[in-house]
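Below you'll find the structure, written out as structure tokens, and then a few comments.
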Amino acid sequence: MSGRGPSRSGDGSHGTQRVVRSAGGQRDPDISFGARELRDLAVAWLALGVAFTFFLSPEVAGAVQGDSVETGAIVEVFALSLLTVGVAFLLHELAHKVVAVRFGQLAAFRADYGMLFLAVMAGMAGFFFAAPGAVVHRGRITKRENGLIALAGPVTNLVLAVVFAPVYLFVDGGFLASVGAMGVSINLLLAGFNMLPYGPLDGRKVVAWSKSVYALVAVPSFLLAVYALFAIGI
């Protein structure tokens with residue numbers, strides 16, 4: 001998700017955007033990351049990995065309470081979670097930032113630490129819920145540009161599903177096969193969910209800009225999400 005809101009630049013704790021001039025005099029935005037933004041990205045990635053590890057392996061939650069569990073199994077599920085769920089969420093958010101900066105916005109990812117804590121607790125309780133944060137951007141912007149910024153996240157998840165697809169289709173068994181299946185499934189589910197035209201989700205901003213573009217992306221995203229849920233699973 002992306003959101004409009006205040007985003008300061010100029011110190012070490014905030015995301016920054018440096019603007020340089022090309023030979024033709026055009027303003028070319030340069031993407032950069034402040035210390036706070038890098039910390040937020042790292043914390044969100046790790047917290048999502050922990051939350052999904054609890055969700056996939058309930059016995060890990062038991063280990064927190066002192067039950068015995070194989071360490072190797074925990075490490076494998078945690079690695080799977082980081083490489084699939086963590087990557088899917090964070091590249092979704094970074095896509096919002098890249099497009100926002102392209103349109104001259106000041107943009108930075110901000111983690112929601114309260115929601116990350118709830119995600120971990122939800123994973124321990126046996127269900128998955130994640131709202132790790134959002135890219136906050138500021139500056140003059142048209143409805144079209146705002147729609148394209150929103151669209152960048154779900155489209156990135158669709159592209160990632162294509163990247164994971166060969167592994168899912170052609171690798172049989174083992175950790176790599178799990179990465180392929182989970183990578184396809186979680187990215188298709190994220191694309192479909194975020195294209196819902198409600199609340200702070202990306203679909204609402206896209207449909208406010210162009211109903212035809214929304215339909216072109218949303219319909220296949222919804223169908224693929226249903227396929228991922230029932231044919232691949234989590």
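Sequence positions, counted from 1, serve as the residue numbers for this chain. Computation of the quantities below employed the complete heavy-atom set of this structure, encompassing side-chain atoms and omitting hydrogens, waters and symmetry-equivalent molecules. Since we're looking at a predicted model, the values are computed, not measured.
- A heavy-atom distance below 4.5 Å is found between the side chains of L158 and L188.
- Considering CG of L82 and OG1 of T53, their distance stands at 6.5 Å, rounded to 0.5 Å.
- Here the side chains of H92 and D202 are in contact, with some heavy-atom distance below 4.5 Å.
- Among residues two or more places apart in sequence or in another chain, the side chain to side chain donor-acceptor pair (under 3.5 Å) test is passed with Y113 by D40.
- For the atom pair CG of L148 and NE2 of H96, the computed distance is 12.0 Å after rounding to the nearest 0.5 Å.
- When every heavy atom of A47 is checked against every heavy atom of L116, the shortest pair comes out as CB-CD2, 3.9 Å.
- Legend: residues meeting side-chain contact (heavy atoms from CB on, under 4.5 Å) with L229, ordered by chain and number and at least two apart, are L189.
- When side chains are defined from C-beta on, L80 counts as touching V179, because their heavy atoms get closer than 4.5 Å.
- Across E145 and R140, no two heavy atoms sit closer than the pair OE1-O, 4.4 Å.
- A heavy-atom distance below 4.5 Å is not found between the side chains of L223 and Y227.
- Here the shortest heavy-atom pairing between K205 and P200 reads NZ-O, 3.2 Å.
- More than 12 heavy-atom neighbours from other residues, nucleotides or ligands sit within 6.0 angstrom of CZ on F128.
- L216 CG to K211 NZ: the interatomic distance, rounded to the nearest 0.5 Å, is 15.5 Å.
- Rounding to the nearest 0.5 Å places OG1 of T156 at 12.0 Å from CG of L90.
- When all heavy atoms are compared, the tightest approach of F78 to L46 is CE1-O, 4.0 Å.
- Shown here for A100 and H137, the closest heavy-atom pair between the two residues is CB-CB, 4.1 Å.
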Worksheet item: Yes or no on side chain to side chain contact (heavy atoms under 4.5 Å, CB included) for D112 and F117, after CA distance, side-chain angles and deciding distance?
Response: CA-CA 9 Å; D112 188 326; F117 175 77; over 6 Å; no
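- When the side chains of ILVMFWY residues are joined at heavy-atom separations under 4.5 Å, either directly or via intervening members, V219 and F193 end up in two distinct hydrophobic clusters.
- Scanning for side-chain contact (heavy atoms from CB on, under 4.5 Å) contacts around A119 gives A51, with sequence neighbours left out.
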Worksheet entry | S57 and I74: CA distance, side-chain angles, deciding distance, side chain to side chain contact (heavy atoms under 4.5 Å, CB included) verdict | CA-CA 8 Å; S57 302; I74 297 177; over 6 Å; no
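- Contacts of L94 classified as side-chain contact (heavy atoms from CB on, under 4.5 Å), with partners at least two apart in sequence or in another chain: F33, L41, L91.
- Here S212 pairs with S210 under the side-chain contact (heavy atoms from CB on, under 4.5 Å) rule; sequence neighbours left out.
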Identify all side-chain donor-acceptor contacts of residues 159-178 below 3.5 Å with residues at least two apart in sequence or on another chain.
unit_1: S178; atom_1: OG; unit_2: G174; atom_2: O; d: 3.4

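- In this structure, T84 and M182 approach most closely via the heavy-atom pair OG1-CG, 3.2 Å.
- Side-chain atoms of W209 do not come within 3.5 Å of backbone N or O of N146 as any donor-acceptor pair.
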Worksheet entry | Residues L151, V213; criterion side chain to side chain contact (heavy atoms under 4.5 Å, CB included); working and verdict | CA-CA 9 Å; L151 192 63; V213 172; 4.0 Å; yes
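- In the hydrophobic cluster analysis, where Ile, Leu, Val, Met, Phe, Trp and Tyr join through side-chain heavy atoms closer than 4.5 angstrom, V135 is grouped together with L38.
- Side chains of F52 and L48 form no contact here, defined as non-hydrogen atoms less than 4.5 Å apart.
- Remark: S185 OG to L224 CG distance equals 11.0 Å, nearest 0.5 Å.
- In this structure the side chain of V206 never reaches within 4.5 angstrom of the side chain of V217, judged on heavy atoms.
- Taking the six-membered ring where the residue is Trp, F222 and Y214 present perpendicular rings, their angle passing 60° and hence far from 30°.
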